[in-house]
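Everything below concerns the one structure shown next.
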Amino acid sequence: MGEGVTEVWYFPGPEGDYVQVFTRRNDVEARYSYPAEDVRVIQDAASSDFGQPLLAYLRSIVAALPTKGGKPDPLQFPYEGLDKVHPDSVLGRLITGEPILEESDAAAVTPIYPFGSNLSQRSAVKNALRYSVSVIDGPPGTGKTHTIANLVGSLIAEPGLSIGVVSFNNAAVDNVRDKLAGGGFGFALANLGRREKRDEFFANQAARNAELQAYLGAATVDRPQIEQMQQIEQTLNAHQKQERELQRLRRELEALLLEQRHFERVIDGEDLPELDGVALLERTSDRILEFLAETQFPQEGNRLRKWVRHLRWLIKFGSLRGVDIDSTDSVLRLYRAYYERRSTELTNQIEHLEKACRDADLKQLIKTQGELSKAYLNEGLRRRYFARDTPEYDSRNYRRKMREFLTDYPVVLSTCHSLRNSLDEGRLLDYLVIDEASQLDLPTAALALASCRRVVIVGDLRQIPHIPNEDAAAQAGDAPHPAFDYLEHNVLSSLIEFYGEALPRTVLREHYRCDPAIIGFCNQKFYGGELISYSKIGTSQDALALNPTAPGNHMRQFRSGGRINRREIELIQDEVIPYLPAKYSREDIGVTTPYRRQANELSDSLNEDSGPIEADTVHRYQGREKPVIIMSTVLDETRQGRIGTRFVDDPHLVNVAVSRAVERFVLVTNNDLLPKSRHLRDLVGYIRYQNPERELPDSKVVSVFDLLYSKQSEKLSELARRIGGPSKFKSENIIWTVLKDILEDEAYLGLSVSPQILLQTVVPPSATLTADQAAYLKNRASLDFVVYNGVTKTPLLAIEVNGFAFHDNKPEQLRRDQLKAEILQQSGIPFLTLPTTGSSEYERIRDALDAALDTAVLIPMSEES
């Protein structure tokens with residue numbers, strides 16, 4: 001893109017058309033002549049109706065950024081050159097309102113997977129190659145770097161393409177570099193990031209050229225046919241779907257067995273009927289739940305209708321002699337049968353899929369796909385470098401030879417700050433990959449987006465986002481569009497907000513890093529259960545631990561800023577680390593905390609002759625991992641401690657802290673277990689749920705049965721659809737829909753709802769009930785809905801839908817309602833009634849949920865525990 005161009009004249013000629021370009025720079029005029037085919041006149045996207053205010057907004061932010069070490073912010077210099085935006089760039093298309101481009105099948109790059117792949121990773125690579133803008137949602141441990149390496153491999157197999165890889169920090173880019181260099185393709189990389197890396201790159205070109213010549217001199221393999229690779233992929237897809245289902249079922253079985261342990265604790269001491277000879281006990285788990293669903297509601301009708309119903313049940317479920325459908329004990333016995341049958345079914349399904357995966361020899365299939373992909377890539381690279389010299393460039397001349405340079409070094413590694421300055425004027429890379437995008441602010445990202453034709457955004461909105469400069473934002477004023485608000489959005493969230501459903505997104509679902517119990521918390525709490533753990537660590541019962549300090553307020557806050565908690569430091573040093581299994585060296589252990597002062601104190605205390613244990617803030621641990629992570633929360637129950645809860649309890653921070661641990665996570669916190677927190681409180685509850693035998697005997701916390709009730713909900717929904725017509729089910733289905741809508745809000749992250757919950761299963765065994773209450777409880781008393789914490793499995797709010805005819809107009813039902821309310825009050829479970837003659841259900845439910853979340857308190861740990 002010409003700079004300072006004032007006029008362009010076109011001249012036809014007998015020996016070829018040519019163009020004269022007139023420029024003015026610093027009051028100096030000049031004229032240049034070019035062959036017409038080398039000149040393209042384009043419209044500056046920065047002059048568009050949206051481009052002008054957006055760039056003005058970004059410039060005003062950059063201008064207001066504070067100096068660093070007496071020098072202007074690093075963004076200020078590149079923004080001085082951002083006076084024009086190429087219309088073919090991602091930024092240019094965005095600010096001129098152009099849609100996301102989609103390549104035709106004929107034009108699309110062939111996807112290859114030289115580093116191996118799974119279902120999600122292949123889908124992500126294909127999306128990235130097909131669309132001009134795409135997003136890869138990469139939760140922790142799902143192979144983001146692996147996916148990027150496969151994408152880069154696909155691109156450099158095409159001789160004419162250039163690719164940039166940038167990130168918020170150098171570590172993420174280094175991971176990609178190491179992956180590609182480890183695969184034998186380091187000669188294709190140009191590390192043009194900060195000055196030290198750039199100097200190192202240019203100094204090592206001789207060694208690189210020798211590496212390239214050795215590569216070109218190695219034995220060759222014929223390029224495989226695309227059809228052959230596609231056939232392997234189809235076979236691999238089929239078997240990896242089986243493998244994914246296998247891993248899902250393994251995790252479901254683990255969760256079911258844990259839930260069953262909690263169920264057995266709840267019914268401990270109950271004299272449940274044996275129900276000898278009842279055929280239903282031998283039926284499938286689905287059929288047991290189907291029976292429970294069909295008998296959940298009062299069985300009304302005349303004698304003939306009842307007789308027909310029982311005949312249908314006899315045919316469908318077998319003999320039900322001895323089953324009292326109105327008895328809570330009979331229902332609990334059927335629940336136990338459900339757990340027994342479901343665990344058997346899961347075990348059988350797992351064994352079948354294990355055999356199928358063994359027979360398929362997945363490892364060999366993945367190896368074959370990798371070998372074919374490498375052969376395809378090697379042939380593409382040979383075509384790229386065939387009959388080319390191996391010149392050596394330096395930092396002064398490489399921009400003047402940029403086309404040749406990008407042929408020799410098709411992969412440019414850089415930071416977002418320096419990418420634009422690393423290229424010659426007006427140069428657009430064919431593709432750009434932005435890793436760790438959730439940490440990248442919009443002014444920085446805009447520079448990168450102005451330098452590429454296509455972009456792949458890789459990140460995770462559930463991890464720690466960018467930290468904006470609030471003073472600069474205030475001086476810049478309002479953003480020209482909500483999607484580009486510097487305070488609210490990083491580049492990942494901005495593009496998601498701007499493009500909406502039109503933005504191609506792929507979630508990497510297969511998780512490989514953490515013990516299943518560790519990632520299980522993050523999965524249930526932050527990722528909606530989308531992740532499937534492939535980990536084979538197998539120590540889940542001991543994977544999470546909770547170490548509270550002795551009673552007392554131990555946090556200290558400095559007037560100059562920062563907080564420390566020496567009691568937590570002492571506990572980590574004296575009671576946590578010495579009792580970790582001997583297999584963990586000090587290098588295997590990481591200690592993290594939200595506060596810099598605490599991290600420094602921990603570093604000083606844990607620095608021993610036998611080797612230091614690395615302690616750092618959660619923010620600095622993002623993108624890293626350790627076999628063992630110990631988290632120090634620092635806070636206590638003083639007023640200042642509670643003020644700090646908002647910072648420490650940030651969901652992004654909690655997610656990052658937990659997901660850094662590979663095999664073991666230890667939470668060190670105050671004795672009261674941060675009852676005023678939300679996400680850390682859920683973490684405490686989750687840790688305690690993982691090992692029910694260690695729960696305090698006097699605890700009033702009762703676990704609801706997530707898997708059981710979610711399956712039962714499906715059966716009830718099917719039943720409601722079959723019944724149809726005006727009935728009490730219609731009112732409950734309306735509230736069910738309302739609850740589902742409400743729980744999609746970010747404020748209620750991690751909450752779930754189930755209908756028709758047996759009242760006894762949410763009443764603590766220690767509850768003291770009157771004779772009338774106990775009798776009512778045994779008469780299959782249930783709750784229309786229970787909203788519960790899907791992470792800790794604890795009930796949060798009970799909801800009843802009361803129709804006038806069935807409740808207000810029947811004194812005996814009013815008495816039962818009163819008993820239900822008394823039992824819930826005794827159990828400490830908030831209770832909301834919604835009469836069908838009422839209104840404002842959305843507001844009432846939200847108010848009740850907010851109040852329940854504010855008052856939900858975990859039972860403090862005793863000092864002995």
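Note that the structure is a prediction, hence the values are computed from the model and not measured.
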A852 and L796 have their tightest heavy-atom pair at CB-O, 3.6 Å
Is there a donor-acceptor contact under 3.5 Å linking the side chains of E568 and S632?
yes
Donor on one side chain, acceptor on other, Q260 and S343, under 3.5 Å:
no
Sidechain N-carboxylate O distance under 4.0 Å for R312, E294
yes
Quick one: do E245 and R248 make a salt bridge, cutoff under 4.0 Å?
yes
Below 4.0 angstrom, N of the basic side chain to O of the carboxylate: do R846 and E843 qualify?
no
How are the rings of F263 and Y339 set relative to one another: parallel (under 30°), tilted (30 to 60°) or perpendicular (over 60°)?
tilted
With a 3.5 Å cut-off and no angle check, do the side chains of Q247 and R250 form a donor-acceptor pair?
yes
Are Q773 and Q826 close enough that a side-chain donor and a side-chain acceptor fall under 3.5 Å?
no
Heavy-atom nearest pair, L707 first then L256, reads CD1-N, 3.4 Å
Going by distance alone, is a donor N or O of one side chain under 3.5 Å from an acceptor N or O of the other, for D460 and Y527?
yes
Does W307 form a ring pair (Phe, Tyr, Trp, His ring centres under 6.0 Å) with H310? I'd like the steps, not just the answer.
CA-CA 5 Å; W307 182 86; H310 280 275; 9.8 Å; no
Counting N and O atoms only, with roles assigned by atom type, does the side chain of R678 sit under 3.5 Å from a partner on the main chain of A747, one being a donor and the other an acceptor?
yes
Residues D515 and R664 bridged, charged N to O under 4.0 Å:
no
Salt bridge or not for E264 and R261, using N-O below 4.0 Å?
no
Can you find a side-chain donor-acceptor pair between E822 and Q818 that sits under 3.5 Å?
yes
Can you tell whether the side chains of K676 and E637 come within less than 4.0 Å, N to carboxylate O?
no
With a 4.5 Å heavy-atom cut-off, do E800 and L783 have their side chains touching?
yes
Closest non-hydrogen atoms of A848 and L832, given as atom of the first, atom of the second and distance, are CB-CD2, 4.0 Å
Between E746 and R462, does at least one N-O distance fall below 4.0 Å, as a salt bridge requires?
yes
Minimal heavy-atom distance between E841 and P835, with the atoms involved, is OE2-O, 4.2 Å
Smallest heavy-atom separation, L571 atom then P548 atom, equals CD1-O, 3.4 Å
Return yes if a side-chain donor-acceptor contact under 3.5 Å exists between T638 and D636, otherwise no.
yes
